[in-house]
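Inspection log for the structure reproduced underneath, given as structure tokens.
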Number of protein chains: 2
Amino acid sequence: MATLADVARHAGVAASTVSYVLSGKRPVSDETRERVARSIELLGYQPHAGARALASAKSNVLALVVPLGRDLYVPVMMDIAIAVTTMARRFGYDVLLLTNDEGPAGIQRVATSARADAVILTDVGMEDERIAMVRETGIDAVLIGVPADSDGLNCVDLDFARAGALCVEHLAGLGHREVAFIGEAQGIYQRHIGFAERTLGGIRDAAAQAAMNLVHRPCGASYEAAAGVLARILEERPRTTGLIVQNEAVIPSLLSLLRTAGRIVPEDVSIVAVCPDQVAQQTSPQLSSVNLPAAELGTRAVELLMRRMADGADGEVVLIPPTLTVRGSTGPAAAASRG
Amino acid sequence: MATLADVARHAGVAASTVSYVLSGKRPVSDETRERVARSIELLGYQPHAGARALASAKSNVLALVVPLGRDLYVPVMMDIAIAVTTMARRFGYDVLLLTNDEGPAGIQRVATSARADAVILTDVGMEDERIAMVRETGIDAVLIGVPADSDGLNCVDLDFARAGALCVEHLAGLGHREVAFIGEAQGIYQRHIGFAERTLGGIRDAAAQAAMNLVHRPCGASYEAAAGVLARILEERPRTTGLIVQNEAVIPSLLSLLRTAGRIVPEDVSIVAVCPDQVAQQTSPQLSSVNLPAAELGTRAVELLMRRMADGADGEVVLIPPTLTVRGSTGPAAAASRG
DNA sequence: TTGAAAGCGCTAACAG
DNA sequence: CTGTTAGCGCTTTCAA
């Protein structure tokens with residue numbers, strides 16, 4: 001590969017001049033710049049990433065830490081990863097993929113080896129052990145999710161509490177008084193993952209406010225799990241007319257089960273989900289839902305990170321306001337009572 | 001951060017000695033090694049990745065190129081990414097995530113900037129334009145998928161032709177003579193993605209062999225698409241008793257539709273899928289299926305890559321033999337005919 | 001078995 | 001506006 005020195009020689013200028021036309025960090029005459037540009041083009045020159053990282057003390061890489069398990073909704077993770085990568089490129093950054101089995105040590109490794117300039121954490125728990133490592137190493141970081149103590153941290157997330165409340169308010173407005181919340185798998189709550197706890201909190205508060213009877217049922221991804229949970233709900237609380245669902249994996253099973261049970265949606269039972277719009281639009285009937293804007297989370301995380309690296313300001317929590325779209329899966333509770 | 005020089009000073013040895021205890025590339029006395037190790041530990045020393053890359057001309061990074069779209073089954077991609085990352089770490093490599101919107105240019109960029117030592121390509125088409133770039137830059141590469149001309153290339157894939165054949169043979173063995181293949185979205189075939197074409201080929205050949213009547217119907221991911229495709233199959237070929245499905249996203253919809261239509265699985269219609277075991281086990285009834293071993297693909301790709309980087313040998317195509325697991329979704333065709 | 005020293009390719013003062 | 005030069009932290013000859 002051609003080096004910067006090759007380019008300098010070819011263009012008849014000093015190495016620093018080439019460096020400066022590349023970085024724009026000091027003025028270069030149009031003529032010189034053009035000549036250098038031509039040489040770069042001609043020689044197919046690309047700066048050596050390692051050399052640059054060494055000399056500038058900046059790797060232009062950011063690390064994205066993703067969970068391994070399958071208990072988090074995978075397409076959301078993937079969308080976040082793609083969005084982060086795409087947006088990072090716009091700022092000249094590459095993205096290093098870190099799995100969570102390295103744990104906090106992975107963060108330490110990339111931080112102290114200068115492999116990455118910053119990290120983006122996903123799957124953030126209320127008490128997340130990785131945060132201590134972020135603080136210790138002092139590496140720039142953005143969390144997708146909000147821990148219990150977000151002091152001084154940069155966080156981006158959907159306002160899940162509000163999202164939950166929106167679901168409740170929507171159902172309450174339609175006259176539903178007996179509602180079940182089919183949530184994420186038990187493991188998610190046990191790990192105190194922020195979004196799950198916050199959604200639950202938002203739902204509970206809003207339900208209390210609306211004098212609505214609410215039960216929360218965690219639910220695994222399998223058809224059997226869904227069947228079990230639904231059966232139990234219908235048995236223990238036969239007057240249930242509203243379902244809030246936050247486990248995207250379970251949606252198809254749920255719809256199928258209701259159909260089999262002869263419960264028509266939304267005449268007999270209304271469903272409102274917290275999931276990506278794309279998922280809500282793929283079912284029949286399409287689901288009334290609060291959108292989970294996965295790509296936006298990734299995009300905003302990178303934007304926030306770049307802003308912070310530039311201004312070095314203190315932590316900031318960006319909560320994206322949720323929006324509920326009414327589709328075909330919710331209707332007045334009156335209809336159900338009439339039956 | 002502590003540098004190698006700091007460690008050397010602290011241990012009272014030359015910098016080179018520290019380097020050599022780290023790399024093991026030349027013998028170091030036990031005593032010296034211990035002393036250096038202690039200093040490393042004490043100072044929390046981590047080699048600077050950029051400096052190392054510069055001096056050694058090796059980045060210890062490999063790039064993973066993933067598609068952006070949602071037309072490929074996302075959980076499979078994610079499993080591959082996780083497996084690649086996990087296995088790469090075992091060899092001391094980090095993984096850079098590249099999205100396909102940079103196209104071949106992305107490969108060129110990481111290759112010529114020495115950001116990565118090798119690339120792993122996914123979503124490989126029969127005529128994949130990225131291959132030319134791999135050849136041009138001479139970067140080490142492994143493809144997950146097999147292009148039409150795999151000459152000199154390292155490829156890892158499930159033997160999809162055989163996988164398709166297995167499905168046909170299973171159904172044929174049960175007496176099914178009228179079978180429909182519900183495949184990937186049209187776009188996948190238009191892009192000539194290898195695995196889709198090979199599965200189709202394997203199915204067609206085996207069907208001809210078995211004197212089976214076969215239709216191929218590409219199918220999008222939405223419920224409506226599934227409904228349309230299924231309705232058309234049942235209308236045009238009412239005697240259809242067997243379904244082969246290769247679009248995992250459509251499976252829940254399909255099962256739901258059949259249930260609604262009063263067609264019992266497997267009494268009225270048998271279904272065999274090509275999908276991850278986990279998906280097949282999550283439905284009711286569980287699906288007879290050929291496993292799509294996503295994680296294994298990733299693992300094997302890294303292993304093959306490491307072997308190649310070590311021995312520099314020529315291209316090799318690793319085809320993983322498929323296995324079919326009989327579950328509850330397939331039964332004798334006789335039952336259907338009786339109806 | 002170890003040390004000294006010359007780069008790897010680039011950036012960023014410092015000079016002019 | 002441009003050139004000179006001193007590193008960045010590591011690997012790897014070359015010497016001992």
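Predicted model only: the values in this text are computed from it and were never measured. Chain letters run A, B, ... following the sequence lines, proteins first, then strands; residues in each count from 1.
- Comparing T17(B) and G50(B) against DNA chain D, the residue whose closest nucleotide sits nearer the 5' end is G50(B).
- Following rounding to the nearest Å, M1(A) (CE) and dC10(C) (C1') show an atom-to-atom distance of 17 Å.
- H10(B) places its NE2 atom 19 Å from the P atom of dG9(D), with the value rounded to the nearest Å.
- With salt bridges taken as basic N to acidic carboxylate O contacts below 4.0 Å, one links D94(B) and R109(A).
- Proximity of S56(A) to the phosphate of dA12(C): no side-chain N or O atom is located under 4.0 Å from OP1 or OP2.
- In this structure, V28(B) reaches the sugar-phosphate backbone alone: every heavy-atom distance under 4.0 Å involves primed, P, OP1 or OP2 atoms, never a base.
- Among the heavy atoms of the strands lying under 4.0 Å from V13(B) are primed sugar atoms or P, OP1, OP2 only; no base atom is included.
- From I131(A), atom CD1 reaches atom SG of C155(A) across 7.0 Å, with rounding to the nearest 0.5 Å.
- Ranking dG9(D), dG3(D), dT1(C) by closeness to the H48(B) side chain, first place goes to dG9(D).
- Residue S19(A) places at least one side-chain N or O under 4.0 Å from the OP1 or OP2 atom of dT11(C).
- dC10(C) atom P lies 10 Å from atom CD of Q46(A), rounded to whole Å.
- Regarding contacts with the backbone of dT11(C), every side-chain N or O of K25(A) stays at 4.0 angstrom or more from both OP1 and OP2.
- Of the charged side-chain nitrogens involved, none lies within less than 4.0 Å of a carboxylate oxygen, so that R307(A) and E303(A) do not count as a salt-bridged pair.
- When heavy atoms are screened at a 4.0 angstrom cut-off, P47(B) is found touching the sugar-phosphate backbone but no base atom.
- In terms of position along DNA chain C, the nucleotide closest to D30(B) lies nearer the 5' end than the nucleotide closest to the other residue of the pair A55(B) and D30(B).
- Ion pair D157(A)/R198(A) not flagged as a salt bridge, since none of the NZ, NE, NH1 or NH2 atoms sits closer than 4.0 Å to an Asp/Glu carboxylate oxygen.
- Rounded to an integer number of Å, the gap from CZ of R35(A) to C1' of dC1(D) is 12 Å.
- Here the C1' atom of nucleotide dT2(D) and the CZ atom of R33(A) are 13 Å apart, to the nearest Å.
- Going from atom CG of N60(A) over to atom P of dC10(C) covers 14 Å, rounded to whole Å.
- For the pair L54(B) CG and dA6(C) P, the computed distance is 17 Å after rounding to whole Å.
- Under 4.0 angstrom from either OP1 or OP2 of dG9(C) there lies no side-chain N or O belonging to R52(A).
- No contact: S23(A) has no heavy atom under 4.0 Å from any strand.
- Closest approach to the R26(B) side chain among dT2(C), dG9(D), dA13(C) is made by dT2(C) (side chain taken as heavy atoms from C-beta onward).
- Nearest to the side chain of Y20(A), among dG3(C), dA12(C), dT2(C), sits dA12(C).
- Of all the heavy atoms in M126(B) and G194(B), the pair that sits closest is SD-CA, 3.6 Å.
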Quick one, S29(A) with T32(A), criterion side chain to side chain donor-acceptor pair (under 3.5 Å). Give me CA distance, side-chain angles, the key distance, then yes/no. CA-CA 5 Å; S29(A) 76; T32(A) 308; 2.7 Å; yes
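- Between S16(B) and dA4(C) there is no side-chain N or O to OP1 or OP2 distance below 4.0 Å.
- At whole-Å resolution of the value, CG in L4(A) and P in dA12(C) are 12 Å apart.
- You'll find that the side chain of A14(B) is closest to dA4(C), out of dA4(C), dC8(D), dC1(D).
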